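Just so we're clear, the structure is a prediction, and the values are computed from it rather than from any experiment. A, B, ... follow the sequence lines: proteins, then strands. Residue 1 opens every chain.
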Protein chains: 2
Amino acid sequence: MAQDVARRAGVSTATVSRVLNGSAGVRADKRAAVIRAAQDLGFVANGAARALSTRRFMAVGAVVPNIENEAFVRVLSSFQDRLRRAGYTLVAANAGYDLEDELREATFLLERGVDGLMLVGDIHHPDLHARIARSGIPTVQTFSLSRERPCVGFDNAASASRAANYLMDLGHRRIGVISGLRKDNDRGGARVNGIVQALAARGLRLAPEHDIEISYGIGGGRDGFRQMLAGGEPPTAIICGTDQIAFGAMIEARTRGLAVPGDLSVIGHNDSDFAPFLDPPLTTIRIHSAEIGHAAGDHLIARIQGRPTVQFTEIDAELIVRASTAPPAR
Amino acid sequence: MAQDVARRAGVSTATVSRVLNGSAGVRADKRAAVIRAAQDLGFVANGAARALSTRRFMAVGAVVPNIENEAFVRVLSSFQDRLRRAGYTLVAANAGYDLEDELREATFLLERGVDGLMLVGDIHHPDLHARIARSGIPTVQTFSLSRERPCVGFDNAASASRAANYLMDLGHRRIGVISGLRKDNDRGGARVNGIVQALAARGLRLAPEHDIEISYGIGGGRDGFRQMLAGGEPPTAIICGTDQIAFGAMIEARTRGLAVPGDLSVIGHNDSDFAPFLDPPLTTIRIHSAEIGHAAGDHLIARIQGRPTVQFTEIDAELIVRASTAPPAR
DNA sequence: CGGATTTTTGAAAGCGCTTTCAGATAGCCA
DNA sequence: TGGCTATCTGAAAGCGCTTTCAAAAATCCG
């Protein structure tokens, strides 16, 4: 098809290619002729041929645990933003919190052809890195930090610790945790660990009946808190893995006649859209999704283009204090 | 690289290709040898070469107004589900409710190489269809119906009408609308039209001060309702373009001392996760996102593979009645 | 104005697969 | 076992670009 353009413009395909790729060294009149011809014909280069020839796919893959999860979507969106600017396409895939599936999806992307890959978290299928290494493309890990591999993320343990310390500073001693499923999820695990450590540092511990693991969502939060109440003395404060879980827990608390924050302080994670509008407005740990996505995108593009990069980027999470937390009742 | 496998297996690349693509007619022992060799070498076919050779990209594009919008994400997710089953990759792009941007993104996908394209809604840049036609790939329109082009969607006007009729059956006479921005958005427009028609059918009209257009989100909903109250006699019921808007309106109503549904009935759109958990639980129009995505995916795959399809698929939206609607106060 | 440079240009060689087509093998039956 | 099919297999021709390399054209300079 570049043939057609070449014929119409009275030049060779080599010149067509040069013009369309903006390389210098084409006389102005020929350049104009090519552009005209391409326009007239509505020429659209064949991406596969170009990719085959240049050995560049102009595409970057991303494998996230759940495309429907707000936190990941926000990061993907800002990630894509940066890719597009550099002329790259984002191809996103769903791993569904399962290492086998993640491996399968990543392999699929590798086969399809991508120039770089974004992954979430630290825990992967044992074969994943070998396979990526073999393909020779750069990778960036997001949402959690790593010493071994390039990453853009935050210290999940530290930010959860901060939340726990904040609650303890308010005077809470019985603190509970409702997290999403932690199997194959280093972020969730790290958060709980951070909380456990913070508690330990002040001589407290996370009671097993206050350590609840449920599936994500508002319904999960309700179930989780119900479960927690079933286990003896209730906590005076809880830290939830997401704002949805926190929302569910607050609903359940209200149903049980517990006032938030009077009888129960609640902290969420992610600062979802609705968090400031809950009743009471939810204290939560805000992840700077846009910055993570931008940094990850910039990093990957730079690596693909062979520019120097930093391997470790920490984007601090932030505790947003609203009205769902208060000192415990006397 | 298929070279390497061929050499190692002691066959030609033709046979390697045959084995790896599952085509019949390869003797069992050679087949096994090829599979072994491929495995040993960790062979991953070059997608570009394959695409160039087969003239198939094994990718499908989708351009949605906003990747961060729950309704679109859910459809994309189920759409992708079907594509993956058929071995296709989804490449999604953001149009941001702007026709120029949509055109640009669609063109980008076309260049990159996709075998099919999913679009949202009926209103597009005048050049879009010409460009798609030239590329010769099948397209499917989602979220709204069309007589001209293959589509999978629902009748936005009819479902909004249904909501209005339901409110009128409850006895409401002053009904307001808070919609998202309607510029270049046929769905929003159709919904308002549906409501206007339903009202007209019963001799009512939508007062201009009760027809509010705001940007999406909870904050938008609050602002919208505040604006509506500023315009004279308040409505006894409102229909909102999304559940987020409805949520915002409910918050604003409560702030103003209006009880829901006592003083104000509220209906949302989309049946978001949180809708059943609001206080009171939100009556809303549920869009069967998963079915839309599946149907759109199946349709496109069938077209790509040259199988017969139906051109018009209506997936009915459904009014989910919860507690945010009631007869108006006397 | 002729020769030395510099700038442009096109022919042709890939890129790594798939697929056709004809030849090689294997299988079958008399 | 020979002759004839039915199966398999590999050589080679693309797929539609990019890019190298050498030749052609334009420009420069003494």
Side-chain angles (χ1 to χ4, degrees), chain A residues 1-35 37-38 41-59 87 89 108 110-115 134-137 305, chain B residues 1-35 37-38 41-59 87 89 108 110-115 134-137 305:
Chain A
M1 291 248 148
Q3 284 281 9
D4 304 340
V5 178
R7 199 169 311 125
R8 187 178 181 107
V11 300
S12 72
T13 61
T15 299
V16 170
S17 172
R18 279 189 274 258
V19 171
L20 266 29
N21 292 301
S23 48
V26 176
R27 231 171 43 209
D29 56 335
K30 300 225 172 193
R31 155 167 274 119
V34 168
I35 290 175
L41 265 40
F43 174 71
V44 173
N46 179 313
R50 171 176 288 165
L52 181 59
S53 184
T54 59
R55 252 145 308 205
R56 287 279 202 76
F57 295 95
M58 299 310 281
T89 311
F108 190 73
L110 257 28
E111 283 193 32
R112 149 142 262 298
V114 289
D115 301 312
R134 197 154 43 204
S135 78
I137 63 172
Q305 300 181 339
Chain B
M1 294 243 142
Q3 285 281 9
D4 303 340
V5 177
R7 199 169 311 123
R8 188 179 180 105
V11 300
S12 72
T13 61
T15 298
V16 170
S17 171
R18 278 190 275 256
V19 170
L20 266 30
N21 291 301
S23 48
V26 176
R27 230 171 44 208
D29 57 333
K30 299 223 173 194
R31 154 165 276 119
V34 168
I35 291 176
L41 265 40
F43 173 71
V44 173
N46 178 314
R50 172 177 288 167
L52 182 58
S53 184
T54 59
R55 251 144 306 200
R56 288 280 199 77
F57 294 94
M58 298 312 281
T89 311
F108 190 73
L110 257 28
E111 282 193 32
R112 151 144 259 300
V114 288
D115 301 313
R134 198 154 43 206
S135 79
I137 63 173
Q305 300 181 338

Rounded to whole Å, please give me the gap between CZ in B:R7 and C1' in D:dT9.
18 Å

Hey, does B:V16 reach any base, or is it just sugar-phosphate, or nothing, if we go heavy atoms under 4.0 Å?
nothing

From the options C:dT9, C:dC17, D:dT18, select the nucleotide whose nearest atom is closest to the side chain of A:T54.
D:dT18

Starting at the 5' end of DNA chain D and moving along, which residue's nearest nucleotide shows up first, B:G25 or A:R18?
B:G25

Hey, are the side chains of B:N21 and B:R50 touching, using non-hydrogen atoms and a 4.5 Å cut-off?
yes

Hey, does A:A14 reach any base, or is it just sugar-phosphate, or nothing, if we go heavy atoms under 4.0 Å?
base

Ranking C:dT18, D:dT18, D:dG16 by distance to the side chain of B:L52, first place goes to D:dG16

With a 4.5 Å heavy-atom cut-off, do B:F108 and A:T89 have their side chains touching?
yes

For the pair B:R55 (side chain) and B:S53 (backbone), establish whether a donor and an acceptor sit closer than 3.5 Å, ignoring hydrogens and angles.
yes

Nearest-Å distance for atom pair CG/C1', residues B:L20 and C:dT18:
12 Å

Could you tell me the separation between the CZ atom of B:R56 and the P atom of C:dT19, rounded to a whole number of Å?
10 Å

Phosphate OP1/OP2 of D:dC15 contacted by A:N46 side-chain N/O (<4.0 Å)
no

Round to the nearest Å and state the distance from B:F57 atom CZ to D:dG16 atom C1'.
10 Å

Round to the nearest Å and state the distance from A:R50 atom CZ to D:dC15 atom P.
19 Å

Does a side-chain N or O from B:R55 land closer than 4.0 Å to OP1 or OP2 of D:dC15, or not?
no

Atom CD of A:Q3 to atom P of D:dT18: distance rounded to whole Å?
13 Å

If only side-chain N and O atoms of A:R27 are considered, is one of them under 4.0 Å from the OP1 or OP2 phosphate oxygen of C:dT8?
no

Any side-chain heavy-atom pair of A:Q3 and A:T13 under 4.5 Å:
yes

Take A:D4 and A:R7, measure what side chain to side chain contact (heavy atoms under 4.5 Å, CB included) needs, and give me the verdict at the end.
CA-CA 5 Å; A:D4 304 340; A:R7 199 169 311 125; 3.7 Å; yes

Side-chain N or O of A:S12 less than 4.0 angstrom from OP1 or OP2 on C:dG10?
yes

Counting any heavy atom closer than 4.0 Å, what does A:S17 reach on the DNA or RNA strands: base, sugar-phosphate only, or nothing?
base

Between the base of C:dG16 and the side chain of B:S53, is there a donor and acceptor pair under 3.5 angstrom?
no

Main chain of A:F57, side chain of A:D115: is a donor-acceptor contact present, judged purely on distance under 3.5 Å?
yes

Between B:A48 and A:D29, name the one whose nearest nucleotide on DNA chain C is closer to the 5' end.
A:D29

Quick one: is C:dG10 close enough that its OP1 or OP2 comes under 4.0 Å of any side-chain N or O from A:T15?
yes

A:T13 has a side chain; which of C:dC17, D:dT18, D:dT9 sits nearest to it?
D:dT18

Can you tell me how far P of C:dT9 sits from CZ of A:R31, to the nearest Å?
9 Å

Integer-rounded Å distance: D:dC17 C1' and A:F43 CZ
8 Å

